[in-house]
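First the structure, in the form of structure tokens, and then the observations on it.
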Amino acid sequence: MNKYNFFKIKKYKKSIVISFSENNIKADDIYYDLNLLVDDINFDDNIWAVAFDFSKGLNIQNAADGKSIYLSLTELVMNIKKPTLCAINGQIINRAFEFILPMDYRICSDSSSFAMTQILDSNIQFDGATQLLPRIIGLNKAKEMIMFGVGINSEEAISFGLVNIVTNEDKVMNLMIEKLLKIVSFSPLATQYTKEAINFGNETPTVEGMKMENDLSSILLSSKDRIQAINSFKNKKSRRNFKGK
Amino acid sequence: MSWKYIKYNKKNNFAHVEFDNSSKKNSFNLIMREEIKEVINAITIDDDIKVLIFSSNSDNFSSGADLSEFNTFPSIVKSNQISKYKNLWIDLYQFEKPIISLTKGWAIGSGFELLMLSDFVFAHTSSKFLMPEVQWSLMPISGGTQTFVNKIKNLYVKEILLFSEKIDAYKALKIGLINYISEDYSELSNQVFKYAEKISSIDTARLIKIKKLLNFSTEKNIYFGKRLEEIYSRSL
């Protein structure tokens, strides 16, 4: 899978790990690559989960001509139907910070820090931060970070619920692979539908969301994975060979 | 009246539902769900009752759905109809009076989700919580994908539902899933009744309105919610 100019793809069991070929990248450079990649992920039945490797840091800049202001990277990441993880290290600022917000599971090193300084440069966020960050860390903290440009370290990040786990710099990747292998041991249909229902539930009245949850669950009823899983439960057998069908 | 899988006690102003199906680890089968539904329908219109309390009379709170009933439905359409229109969980979400749950041991799947439909959760330190659905190619169907989002931060929701991570009582307290923990179960249950007594000293109409407003605050439309608050406070 070397058709991308800016991504390096490493295949794992039923999943891929994506890293950038360089640390300093321009948003409009990676946009078309990312677009292609997201489509590939969504349509490839052999990819059950995706991980992004930012363990060597991540810095995304706008193009000098201001064109990239129209190109939303987070929207592309939000379109990924499968669970997404990321491993974070170093200083994550501005667009790089916005880029990690739509992901489902974040692991960062203890030396990581997060900040958005657009307001200090008389600019505002345009890639989803004002919508995503309050949903993740709560309105008050999000306002502090966005309106006052206050940065946070890894300790604060875990207490605000911005990252799931903080660990040593050299353990970040191992831990991410461990979590990745864990989630691909589950049924891919179940994880995708659950992700959809959670994200939908964030945006709708609770009762409507509960009905939608019911409908998705009914679609799952017809999957081979589910029938097999329930049968193996009844016969007290191992269940860990899902097909994604 | 006697029930097969639950024990129902009416004491002072409280309705106390105890799960009584220890041979199947308090898993919710169809009959048990119907029984709970009947009880909550009855106490909705019982003016004496101000608080509903859920607990278990064995070592575990509940092990969730009864998987032995799975794959026995006549058709997918029928199954969808039953789960959608005979839905205990939506009834519980819309139940107007405060719900307090007292948990110990395992609360798995629907058992865990029932705690999320409660307004207050008291937990013994032996409590463990797990959403195993994705491991069995299922997904939460008792409101989990909706109620967790309302209660705790987004990232933890995905950790619990999508990555199926086990949560102990201490972590649950830290991330805001439960209200209180204690090492002494009998003391904890005394505390629950004291708490229930405290709540039941409040006028019922006021309680119902406050609960509705608080639930509304998670329904996203803040302007409508604020308007409702205004209307309610004028009518008190």
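So that the names make sense, note that chain A is the first sequence line, chain B the second, and so on, each numbered from 1.
Residues Glu213(A) and Thr145(B) have side chains that bring a donor and an acceptor to within less than 3.5 angstrom of each other.
In this structure, the portion of Leu85(A) lying under 4.5 Å from any heavy atom of chain B is its side chain and not its backbone. With a 4.5 Å cut-off on non-hydrogen atoms, Asn199(A) touches chain B through its side chain but not through its backbone. Using a 4.5 Å cut-off between heavy atoms, Ser223(A) touches chain B through its side chain atoms alone. Using a 4.5 Å cut-off between heavy atoms, Phe163(B) contacts chain A through both its backbone and its side chain. Using a 4.5 Å cut-off between heavy atoms, Ser164(B) contacts chain A through both its backbone and its side chain. Both the backbone and the side chain of Glu165(B) come within contact range of chain A, with heavy atoms under 4.5 Å apart.
Looking at every heavy atom in both residues, Lys211(A) comes nearest to Ile90(B) through CG-CD1, 4.1 Å. The minimum heavy-atom distance between Gln135(B) and Phe242(A), with the atom names listed, is O-CZ, 3.1 Å. When all heavy atoms are compared, the tightest approach of Ser137(B) to Ser187(A) is OG-OG, 3.0 Å.
Across Thr147(B), Leu155(B), Asn87(B), the residue that shares the most heavy-atom pairs under 4.5 angstrom with chain A is Leu155(B).
Under the 3.5 Å distance criterion, the side-chain polar atoms of Lys195(A) are left unmatched by any main-chain donor or acceptor of Leu162(B). Remark: the backbone N or O of Asn164(A) is not paired with any side-chain donor or acceptor of Glu159(B) at under 3.5 angstrom.
Atom CG of residue Asp104(A) and atom NZ of residue Lys158(B) lie 4.0 Å apart, to the nearest 0.5 angstrom. Summarising the geometry, atom CE belonging to Met139(B) is positioned 8.0 Å from atom CD1 belonging to Ile198(A); distances are rounded to the nearest 0.5 Å. Taking CG of Leu161(B) as the reference point, atom OG1 of Thr191(A) lies at 12.0 Å (rounded to 0.5 Å).
The environment of Tyr5(B) atom OH is dense: over 12 non-hydrogen atoms of other residues, nucleotides or ligands sit within 6.0 angstrom. No more than 12 heavy atoms of other residues, nucleotides or ligands sit less than 6.0 Å from atom CG of Asp59(B). No more than 12 heavy atoms of other residues, nucleotides or ligands lie within 6.0 Å of NZ in Lys171(A), so this atom counts as exposed by the packing criterion. Heavy-atom neighbours of Glu156(A) CD from other residues, nucleotides or ligands within 6.0 Å: above the threshold of 12. For Lys97(B), the NZ atom is densely surrounded, since the number of other residues' heavy atoms within 6.0 Å is greater than 12.
One finds no salt bridge joining Glu133(B) and Arg226(A) here, because no Lys/Arg side-chain nitrogen approaches an Asp/Glu carboxylate oxygen to under 4.0 Å.
Annotation: side chain of Leu138(B) is not in contact with side chain of Ser217(A) (no heavy-atom distance under 4.5 Å). The side-chain heavy atoms of Val207(A) and Gln94(B), taken from C-beta on, include a pair separated by under 4.5 Å.
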